[in-house]
There are 2 protein chains.
Amino acid sequence: MAIKERKEREKQDMRNLIIDSATGLFLKLGYDKTSIRTIAEDIEYSPATIYLYFKDKDEIFYVIHENAFALLDKEFRKHDVIENHFERLAAICSTYINFALKNPDYYDLMFIMRAPLSQIACEETWTAGNCAFDYLLDTMSGCVDEKLIKGGDKFLLAMSVWSFGHGLVSLYVRGRFDVMNMPEDVVKDMLDKAVANFLNNLKA
Amino acid sequence: MAIKERKEREKQDMRNLIIDSATGLFLKLGYDKTSIRTIAEDIEYSPATIYLYFKDKDEIFYVIHENAFALLDKEFRKHDVIENHFERLAAICSTYINFALKNPDYYDLMFIMRAPLSQIACEETWTAGNCAFDYLLDTMSGCVDEKLIKGGDKFLLAMSVWSFGHGLVSLYVRGRFDVMNMPEDVVKDMLDKAVANFLNNLKA
DNA sequence: GTTTTTACTAAACAGTGTTCATTATATTTA
DNA sequence: TAAATATAATGAACACTGTTTAGTAAAAAC
């Protein structure tokens, strides 16, 4: 009976090996250049072997996508110590922006790319993403309850904050600002200023 | 000498033929399934011929991307008749959101995809995009001058409005809302409500 | 020790963007 | 008008991609 367990363990090890390799290649070379064949060569297995552990490329990137969300969520929860909910909201925003700027490839996978979506559709619930969003939602709930903020629909408010942050960084990450006549550092400065203004306008 | 002009005309006709075909296929089948070979088959030419008129696939989609911006810009300028700048700003936002929902593929190409960016980098200025953004900037300028709005940095304000709108529709278009426990129609409703709230909070 | 199951892979399929030598056509020159 | 030149178009290939399948080698079960 112990053999079955060992086999299960080996199967998981192989999955981890693939994910680790894929993650490394993805962060180094980007999504497009991280092909099944590149991963296979990296782990010194045949490309076909990968399909014994993952149903397709999307599933691999779904796992990476989940790990990235866990990372973001972890950074979010560090703000548990901030008791004032509005201040915590501001901290969450700041963390979100910085996460995107520091990990543009992860951010892409989490919020922009279509790749992991097909897999998300297969799962009953989008655990990873909901977890991080729930933290924003809880914080927003605190803001609303304590009347620190204008408006009473915490869902709408959370969606708005998320959208604003996402709009800023996704336009930035996908180069829609540098294509205009705005210098790099000015734009980066504006990200913070924009968020500060946005939150200030939200204040009750 | 007239032959040279006719040749030039024929060259332009061929370019238009390719762009028209590519645009139709793109709107019908999406970006990925619009391959050079698909376009070639559609216009009844060999795939290699396309490379006599466009340097690569990106250049084709850059032209489509430019046309899409001209379309959005045209819709924007319809609001010239609205004299109150804040009301015009609201109209621009509404038009932006509706454009994205009606033309998700165009929107993708304009604000999310990387495909046309390599070409944008080649051009001196991003004419198409700047034109539409300038209209927002001018309207915002009016709002600031007439003190209809909080804050004085029109550039920061325009960037904020754009980012907020983009955040909402890009999360929507790329399926980041329907992946959560939010029903489709509720989300669509929230888009309008969110913009309304956002603009309201901006009011002086 | 034989049979069965599992793990793996070479090779192929169908597709992609792109390049290049070659052919067919049109224009210019003698 | 006939030969020479310039232009336009293409078939075939290159180097990739994700994915499937038939076949082989090793491990486990009997």
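Per chain, numbering begins at 1; letters A, B, ... match sequence-line order.
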Engineer: Paired stems touching DNA chain D, three or more consecutive Watson-Crick or G-U pairs with both distances under 3.5 Å?
Structural biologist: C:1-30 with D:1-30

Engineer: Looking at CG of B:Leu72 and OG1 of B:Thr95, how far apart are the two atoms once the value is rounded to the nearest 0.5 Å?
Structural biologist: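 The CG atom of B:Leu72 sits 8.0 Å away from the OG1 atom of B:Thr95.
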
Engineer: Under a 4.0 Å heavy-atom cut-off, which of residues 11-26 of chain B touch DNA chain C?
Structural biologist: none

Engineer: Using atom types as modelled, flag every donor-acceptor pair under 3.5 Å from a side chain in residues 114-122 of chain B to any protein atom, sequence neighbours excluded.
Structural biologist:
unit_1   : atom_1 : unit_2   : atom_2 : d
B:Arg114 : NH1    : A:Asp108 : OD2    : 3.3
B:Arg114 : NH2    : A:Asp108 : OD2    : 2.9
B:Ser118 : OG     : B:Asp58  : OD2    : 3.0
B:Gln119 : OE1    : B:Lys55  : NZ     : 3.1
B:Gln119 : NE2    : B:Glu123 : OE2    : 3.4

Engineer: Among residues at least two apart in sequence or on other chains, which ones pass side-chain contact (heavy atoms from CB on, under 4.5 Å) with A:Lys193?
Structural biologist: A:Asp189, B:Leu156

Engineer: Mind checking what makes side-chain contact (heavy atoms from CB on, under 4.5 Å) contact with B:Ile82, not counting sequence neighbours?
Structural biologist: B:His79, B:Glu87, B:Arg88, B:Ala91

Engineer: At under 4.0 Å between heavy atoms, which parts of nucleotides 19-30 of chain D does protein reach? Answer with one letter per nucleotide, 5' to 3': B base, S sugar-phosphate only, - none.
Structural biologist: BBB------SS-

Engineer: Could you state the CD-P distance from B:Glu10 to C:dA26, rounded to the nearest angstrom?
Structural biologist: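 Going from CD in B:Glu10 over to P in C:dA26 covers 10 Å.
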
Engineer: Using whole Å, report how far CG of A:Leu52 lies from C1' of C:dT9.
Structural biologist: 9 Å

Engineer: Check this one for me: any side-chain N or O of B:Tyr53 less than 4.0 Å away from OP1 or OP2 of D:dA9?
Structural biologist: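 For B:Tyr53, the contact criterion (side-chain N or O under 4.0 Å from OP1 or OP2 of D:dA9) is met.
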
Engineer: If you look only at pairs with a residue in residues 16-47 of chain B, which of them pass as a ring-ring contact (aromatic ring centres under 6.0 Å, His included), with sequence neighbours excluded?
Structural biologist: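 Sorted pair list: B:Phe26-B:Phe61, B:Tyr31-B:Phe61.
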
Engineer: Please walk me through it: do A:Met159 and A:Phe164 pass side-chain contact (heavy atoms from CB on, under 4.5 Å)?
Structural biologist: CA-CA 8 Å; A:Met159 209 172 108; A:Phe164 188 68; over 6 Å; no

Engineer: Nearest of D:dT17, C:dC8, D:dT10 to any side-chain atom of A:Ser35?
Structural biologist: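 Side chain of A:Ser35 sits closest to D:dT17.
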
Engineer: Got a sec, which residues hit ring-ring contact (aromatic ring centres under 6.0 Å, His included) with A:Phe86, two or more places apart in sequence or on another chain?
Structural biologist: none

Engineer: Please name all residues satisfying ring-ring contact (aromatic ring centres under 6.0 Å, His included) with A:Phe133, sequence neighbours left out, ordered by chain then number.
Structural biologist: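 Counting only residues at least two positions away or on another chain, A:Phe133 forms a ring-ring contact (aromatic ring centres under 6.0 Å, His included) with A:Trp162.
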
Engineer: Under the side-chain hydrogen bond (donor to acceptor under 3.5 Å, both in side chains) test, which residues partner A:Glu184, sequence neighbours left out?
Structural biologist: A:Tyr172

Engineer: Which residue pairs pass the salt bridge (charged side-chain N to carboxylate O under 4.0 Å, His left out) test when at least one of the two sits in residues 60-76 of chain A, sequence neighbours left out?
Structural biologist: A:Asp73-A:Arg77

Engineer: Write out all pairs satisfying salt bridge (charged side-chain N to carboxylate O under 4.0 Å, His left out) with one or both partners inside residues 10-27 of chain B, taking only residues at least two apart or from two chains.
Structural biologist: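 Matches after skipping sequence neighbours: B:Arg6-B:Glu10.
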
Engineer: OP1 or OP2 of C:dT9 less than 4.0 angstrom from a side-chain nitrogen or oxygen of A:Thr49, does that happen here?
Structural biologist: yes

Engineer: Quick one: A:Tyr45 OH to C:dC8 P, roughly how many Å, whole number?
Structural biologist: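 Rounded to whole Å, this separation is 5 Å.
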
